[in-house]
Protein chains: 2
Amino acid sequence: MNVRTLCLGILSFEEASGYEIKKMVEDGLFSHFIDASYGSIYPALTQMLKEGLVSVRAEEQSGKPDKKVYAITAEGQRALNEAVNVEPKKDKYKSEFLFQMLLMERVSPRHLIAAYDKQLDELRAEFERIGTCCDSAQEHPGTRFVNGYGHAVLSAAIAYMEENRAGLAKAAGDSGLQAAE
Amino acid sequence: MNVRTLCLGILSFEEASGYEIKKMVEDGLFSHFIDASYGSIYPALTQMLKEGLVSVRAEEQSGKPDKKVYAITAEGQRALNEAVNVEPKKDKYKSEFLFQMLLMERVSPRHLIAAYDKQLDELRAEFERIGTCCDSAQEHPGTRFVNGYGHAVLSAAIAYMEENRAGLAKAAGDSGLQAAE
DNA sequence: ATCATCATATATTAATGTGATATATATCAT
DNA sequence: ATGATATATATCACATTAATATATGATGAT
């Protein structure tokens, strides 16, 4: 699945600007399982506009730069339906945090504990993000399912991280003696 | 974190060929939170060999092509220590499956159920992969931690998927009436 | 007051990485 | 024997990221 399909999927829920799409996949309800950068979103929107899959409308804003609000067209709907009726690729999960934890003997206690607490903060933030929107989205089965999935996975991750937080300080202190600072 | 650091990290556990590194991140113990393709692994190894971060030794094999077994050097150890003592980037999780579930009204019952069962199979396979190696790795704290993390997260995902399997068939049948086949 | 930083908003580009493919050989099942 | 699968390295078009440029207003620090 490419960024084009991703943008169409988001636009099928509500019209949005490129900037807003980026925010949604960064901090919003889609952030848990989707990712895309400006460098792929803007070209995708421009190309799909040319192909008639999306329409655009300029929205003037006092002071701030004009917003280009994109909306999905009928042709875009067809393209999205086609793109989504395939066998999905395997999930991809990349975690530099877990890589660092795997190599913990090489990481200084300071870095290790900072990384650990940062990870816990991010997991909690994502968990709360889902929690706040569950009620308003209870009607829509797709949103309910993915929020439920995120809720289940994140609770488990947070619980595991909290359980092992105490033991970490000792392990970091021990292994940190040989680690570079 | 780039593929170079990734390869160094793997080679710090045991020497390996490019092919073996790919297998490890694809099916092995690292597959849960790491990913890399041949197109990035081979150039990374070649470049690091030129820079002296890894050494290479050709291993003849009857019939099969010769294996180039790479090993981390002292300079590589220093580079790895430096690369790992940083603030890790945010986790990245991409799931086409969850994207499809979000847009379930657009997906045919056939595709939806196939995707669901494929997802469950993959989660179970990954769960078992971790389970089989837990005992032999109980000594090493890094491996133990990341395996425990994976175990916790995957059990939660599998449980959620199993709980919601029954309700899916109905939802798919309902929404599938409008979906393209 | 002024200076830095952050948020909004679009856009571009070098660098990185993926996914597919090519090459070569061996084994195994049908 | 034919196709599929596994071992093994390598390359490349294309997709994507991470960083940066541009422009402006608001907010907060010194």
Side-chain angles (χ1 to χ4, degrees), chain A residues 1-8 10 15-28 31 34-50 54 56-70 83 86-96 99, chain B residues 1-8 10 15-28 31 33-50 54 56-70 83 86-94 96 99:
Chain A
M1 197 199 50
N2 52 20
V3 178
R4 289 163 58 95
T5 306
L6 195 111
C7 290
L8 283 180
I10 289 174
E15 50 175 39
S17 66
Y19 185 78
E20 285 165 344
I21 290 174
K22 171 67 177 157
K23 288 288 149 265
M24 286 182 213
V25 303
E26 199 175 280
D27 307 310
S31 65
I34 279 180
D35 207 9
S37 62
Y38 288 126
S40 57
I41 291 170
Y42 282 115
L45 291 173
T46 305
Q47 205 198 332
M48 290 197 293
L49 181 64
K50 211 158 56 184
V54 299
V56 72
R57 146 180 84 75
E59 201 169 275
E60 276 182 68
Q61 299 193 120
S62 56
K64 292 171 208 168
D66 278 13
K67 209 197 281 190
K68 287 189 193 171
V69 181
Y70 292 89
V86 295
E87 188 175 289
K89 279 188 218 141
K90 215 177 154 183
D91 283 9
K92 251 174 226 174
Y93 173 56
K94 274 196 197 189
S95 175
E96 291 195 10
F99 184 76
Chain B
M1 200 198 50
N2 52 21
V3 177
R4 289 163 57 94
T5 307
L6 195 110
C7 290
L8 283 180
I10 290 173
E15 52 175 38
S17 66
Y19 185 77
E20 285 165 344
I21 290 174
K22 171 66 176 157
K23 287 290 149 265
M24 286 182 212
V25 303
E26 200 175 278
D27 307 309
S31 65
F33 57 97
I34 279 179
D35 206 9
S37 62
Y38 288 128
S40 56
I41 291 170
Y42 282 116
L45 291 173
T46 305
Q47 205 198 332
M48 290 198 294
L49 181 65
K50 209 156 58 184
V54 299
V56 73
R57 148 178 83 76
E59 200 168 275
E60 276 182 70
Q61 300 191 119
S62 56
K64 293 173 209 166
D66 278 13
K67 210 196 283 189
K68 289 188 191 171
V69 181
Y70 292 89
V86 294
E87 188 175 289
K89 279 189 217 138
K90 215 177 153 182
D91 283 9
K92 251 172 227 175
Y93 174 57
K94 275 198 198 189
E96 290 196 11
F99 184 76

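Atoms considered below: every heavy atom in the structure, side chains included; atoms not considered: hydrogens, waters and symmetry mates. Chain identifiers are assigned alphabetically (A, B, ...) following the order of the sequence lines, protein sequences preceding nucleic acid strands; residue numbering begins at 1 within each chain.
For B:D27, there are no side-chain hydrogen bond (donor to acceptor under 3.5 Å, both in side chains) partners at least two apart in sequence or on another chain. A:K89 is linked by a salt bridge (Lys or Arg N to Asp or Glu O under 4.0 Å) to B:E96, counting only residues two or more places apart in sequence or in another chain. Here B:E87 pairs with A:K118 under the side-chain contact (heavy atoms from CB on, under 4.5 Å) rule; sequence neighbours left out. Residues forming a salt bridge (Lys or Arg N to Asp or Glu O under 4.0 Å) with A:K23 (at least two apart in sequence, or on another chain): A:E26.
Each of B:K23 and A:N2 lies near DNA chain D, and the nucleotide nearest B:K23 is the one positioned closer to the 5' end. Mapped onto DNA chain D by nearest heavy atom, B:K94 and B:V69 fall at different nucleotides, with B:V69 at the one closer to the 5' end.
In this entry the distance linking CE of B:M1 with P of D:dT17 reads 16 Å, nearest Å. The nearest whole Å value for the distance from the CD atom in A:E96 to the P atom in C:dG17 is 10 Å. Rounding to whole angstrom units, CG of residue B:L45 and P of D:dA8 are separated by 15 Å. If you take CD of A:E26 and C1' of C:dT8, they are 13 Å apart, rounded to a whole angstrom. Between the NZ atom of B:K67 and the C1' atom of C:dT25 there is a distance of 15 Å, given to the nearest Å. Rounded to whole angstrom, the span from the CG atom of B:D35 across to the P atom of C:dT18 amounts to 6 Å. Note: CD (A:Q47) to P (C:dT12) measures 14 Å, nearest angstrom. Counting to the nearest Å, the P atom of C:dT18 and the CD1 atom of B:I21 are 14 Å from each other.
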Exercise. Would B:E59 and B:R57 satisfy side chain to side chain contact (heavy atoms under 4.5 Å, CB included), going step by step from the backbone distance to the final call?
Worked result: CA-CA 6 Å; B:E59 200 168 275; B:R57 148 178 83 76; 2.9 Å; yes

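Within the nucleic acid shown, B:K92 comes within 4.0 Å of sugar-phosphate atoms alone, with no base atom in reach, counting heavy atoms only. Nucleic acid contact for B:S17: sugar-phosphate only, since backbone atoms but no base atoms lie under 4.0 Å from a heavy atom of the residue.
Note on the helix from C:dA1-D:dT30 to C:dT30-D:dA1: terminal axis deviation equals 40°, with five pairs used at each end and the result rounded to 10°.
Contact annotation: B:K68 reaches the phosphate of D:dA10 (side-chain N/O to OP1 or OP2, under 4.0 Å).
Taking every heavy atom of both residues into account, A:Y38 and A:P43 meet most closely at O-CD, 3.7 Å. What you find for A:L45 and A:V54 is that their closest heavy atoms are O-CG2, 3.9 Å.
Remark: the backbone N or O of A:A36 is paired with a side-chain donor or acceptor of A:K22 at under 3.5 angstrom.
Summarising the geometry, atom CD1 belonging to B:I21 is positioned 9.0 Å from atom OH belonging to B:Y42; distances are rounded to the nearest 0.5 Å.
The stretch residues 37-44 of chain B touches DNA chain C through B:S37, B:G39, B:S40, each having a heavy atom within less than 4.0 Å of the strand.
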